[in-house]
Amino acid sequence: MSDQAVEGFDRDLLDPQVLAKSLKKLPREAMLLALRSGSVAVKCNALQALQLHGAIDGGEVLSVGVLLKDESRSVRSAAARSLSAVAVPVQALDILIGASGDRDDRVLADIESTIRGFGDAIIPALVERLRVDANIADGRILPHIISFGRVAGVHLVKALGHTDERVRANAVAGLIMLGVATLIEEQPSIQELLSDRADPVRDLARQAMNAIYRRTRPQFLEPRAVPVAGFTSTTLADKEAKEAVKSVDVDQLIAFARDGRAAARANAWRMFDLL
């Protein structure tokens with residue numbers, strides 16, 4: 001394609017309407033080649049024109065995705081926006097998630113807008129990608145999931161029973177991000193995870209339950225009975241804890257876990273681990 005095919009293509013960021021009117025002068029193949037240009041203006045205009053040509057598919061997704069690592073934030077933003085035209089959204093999902101560590105707010109906003117534009121149907125694919133460490137999930141995946149609001153909670157609750165412990169833990173983290181109202185609604189499902197076999201899942205379930213009890217129960221709750229003498233004042237020996245847990249009431253333990261005294265909380269959470 002000649003640089004003069006469309007006036008300003010090689011030096012200005014053109015309005016989409018201008019590009020749309022001149023689209024015949026900007027053939028699809030030429031736009032794909034233009035993505036390799038060293039010019040910011042050319043790459044941004046080519047990305048917009050490519051999107052105007054219709055669905056982006058196959059190898060085109062990768063060609064656009066490479067530009068999410070471009071040194072220019074304008075190019076990265078344009079690449080994120082152009083992926084909204086991808087024919088099969090899941091094809092672009094890993095690329096967009098990978099780019100969600102970008103430090104520029106405008107680029108991040110364009111990535112989020114593109115993923116949100118895929119609709120609710122993309123949520124299960126996002127949830128399946130929670131098989132990652134918490135820091136990656138918290139920074140690059142969960143924000144996209146919870147951006148869908150209430151419907152995201154449905155999928156996260158379902159993920160509490162996932163076979164992968166990382167998905168279960170990250171699903172609890174996502175519910176915490178959605179807020180206490182959601183946690184209260186889903187308390188039974190979260191409470192079951194207090195006896196999960198994985199430490200990270202139990203720890204996050206405890207955080208969620210604490211958030212619930214801070215909202216719904218008075219501080220320094222005093223249960224009428226204690227599982228064993230010294231429960232509220234000293235750290236139980238292993239033998240005492242193992243014996244007491246055989247007959248303890250789970251609701252009573254939860255109440256102690258919310259108690260203001262350090263020994264009571266520590267002993268309660270320890271006994272949850274033994275359930």
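Bear in mind the structure is a predicted one, so any value in this text is a computation, not a measurement.
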Close side-chain approach of [X] to [Y], heavy-atom, < 4.5 Å:
X: Leu14; Y: Gln48; value: no
X: Glu7; Y: Asp12; value: no
X: Arg28; Y: Leu50; value: yes
X: Leu126; Y: Ile115; value: yes
X: Leu68; Y: Leu96; value: yes

Report the distance from atom [atom1] of [X] to atom [atom2] of [Y], rounding to the nearest 0.5 Å.
X: Leu194; Y: Met271; atom1: CG; atom2: CE; value: 13.5 Å
X: Gln191; Y: Ile212; atom1: CD; atom2: CD1; value: 8.0 Å
X: Leu19; Y: His53; atom1: CG; atom2: NE2; value: 9.5 Å
X: Arg116; Y: Ile122; atom1: CZ; atom2: CD1; value: 12.0 Å
X: Met209; Y: Leu193; atom1: CE; atom2: CG; value: 10.5 Å
X: Thr235; Y: Arg270; atom1: OG1; atom2: CZ; value: 7.5 Å

Restricting to non-hydrogen atoms, name the atom on [X] and the atom on [Y] that form the minimum distance, rounded to 0.1 Å.
X: Gly65; Y: Ile95; result: CA-CG2, 3.7 Å
X: Ala79; Y: Leu47; result: N-CD1, 3.6 Å
X: Gly8; Y: Asn45; result: O-ND2, 4.1 Å
X: Val248; Y: Pro227; result: CG2-CG, 3.9 Å
X: Val6; Y: Ser22; result: CG2-CB, 3.6 Å

Under 3.5 Å, is there a donor-acceptor pair between the side chain of Glu128 and the main chain of Ala125?
no
Tell me whether Ser195 contacts the main-chain N or O of Glu192 through its side chain, where contact means a donor paired with an acceptor under 3.5 Å.
yes
Linked hydrophobic residues, Leu108 as query - side chain contacts closer than 4.5 Å:
none
Going by chain and number, the hydrophobic cluster around Val90 (ILVMFWY, side chain to side chain under 4.5 Å) further includes Val88
Whether Asp273 and Arg206 form a salt bridge (side-chain N of Lys/Arg under 4.0 Å from carboxylate O of Asp/Glu) is what I want to check.
yes
Donor-acceptor pairs under 3.5 Å, side chain of residues 133-155 to any protein atom, not counting sequence neighbours: which ones?
| unit_1 | atom_1 | unit_2 | atom_2 | d |
| --- | --- | --- | --- | --- |
| Arg140 | NH1 | Gly98 | O | 2.8 |
| His144 | NE2 | Ser100 | OG | 2.8 |
| Ser147 | OG | His144 | O | 2.6 |

Name of the residue among Arg73, Arg81, Arg76 meeting side-chain hydrogen bond (donor to acceptor under 3.5 Å, both in side chains) with Asp110:
Arg81
I'd like a table of donor-acceptor pairs (distance under 3.5 Å, sequence neighbours excluded) in which one partner is a side-chain atom from residues 32-41, with atom names and distances.
| unit_1 | atom_1 | unit_2 | atom_2 | d |
| --- | --- | --- | --- | --- |
| Ser37 | OG | Ser39 | N | 2.9 |
| Ser39 | OG | Ala41 | N | 3.3 |
| Ser39 | OG | Val42 | N | 3.2 |

Val64 with Val66, same ILVMFWY side-chain cluster at under 4.5 Å
no
Hey, quick one: are Leu13 and Phe9 part of the same hydrophobic cluster, counting side-chain heavy atoms closer than 4.5 Å, chains of contacts allowed?
no
Donor-acceptor pairs are to be reported for all side-chain atoms of residues 164-178 against protein atoms at under 3.5 Å, with residues two or more places apart or in another chain.
| unit_1 | atom_1 | unit_2 | atom_2 | d |
| --- | --- | --- | --- | --- |
| Asp164 | OD1 | Arg166 | N | 2.8 |
| Asp164 | OD1 | Arg166 | NE | 3.1 |
| Asp164 | OD2 | Arg166 | NH2 | 2.8 |
| Arg166 | NH1 | Arg131 | O | 3.1 |
| Arg168 | NE | Asp196 | OD2 | 2.9 |
| Arg168 | NH1 | His162 | O | 2.9 |
| Arg168 | NH1 | Thr163 | O | 3.3 |
| Arg168 | NH2 | Asp196 | OD1 | 3.0 |
| Asn170 | ND2 | Leu130 | O | 2.8 |
| Asn170 | ND2 | Val132 | O | 3.1 |
| Asn170 | ND2 | Arg166 | O | 3.0 |

Step by step, would you call Asn267 with Phe256 a side-chain contact (heavy atoms from CB on, under 4.5 Å)?
CA-CA 8 Å; Asn267 286 327; Phe256 273 118; over 6 Å; no
Kindly determine whether Ile111 and Val107 satisfy side-chain contact (heavy atoms from CB on, under 4.5 Å), including the steps that lead there.
CA-CA 6 Å; Ile111 292 172; Val107 177; 4.0 Å; yes
Give the intermediate values and the outcome of side-chain contact (heavy atoms from CB on, under 4.5 Å) for residues Val250 and Phe272.
CA-CA 8 Å; Val250 172; Phe272 273 125; 4.1 Å; yes
Ser113: partners by side chain to side chain contact (heavy atoms under 4.5 Å, CB included), with sequence neighbours left out:
none
Given Ser74 and Arg106, is the side-chain contact (heavy atoms from CB on, under 4.5 Å) satisfied, shown in steps?
CA-CA 9 Å; Ser74 295; Arg106 191 180 82 182; 3.3 Å; yes
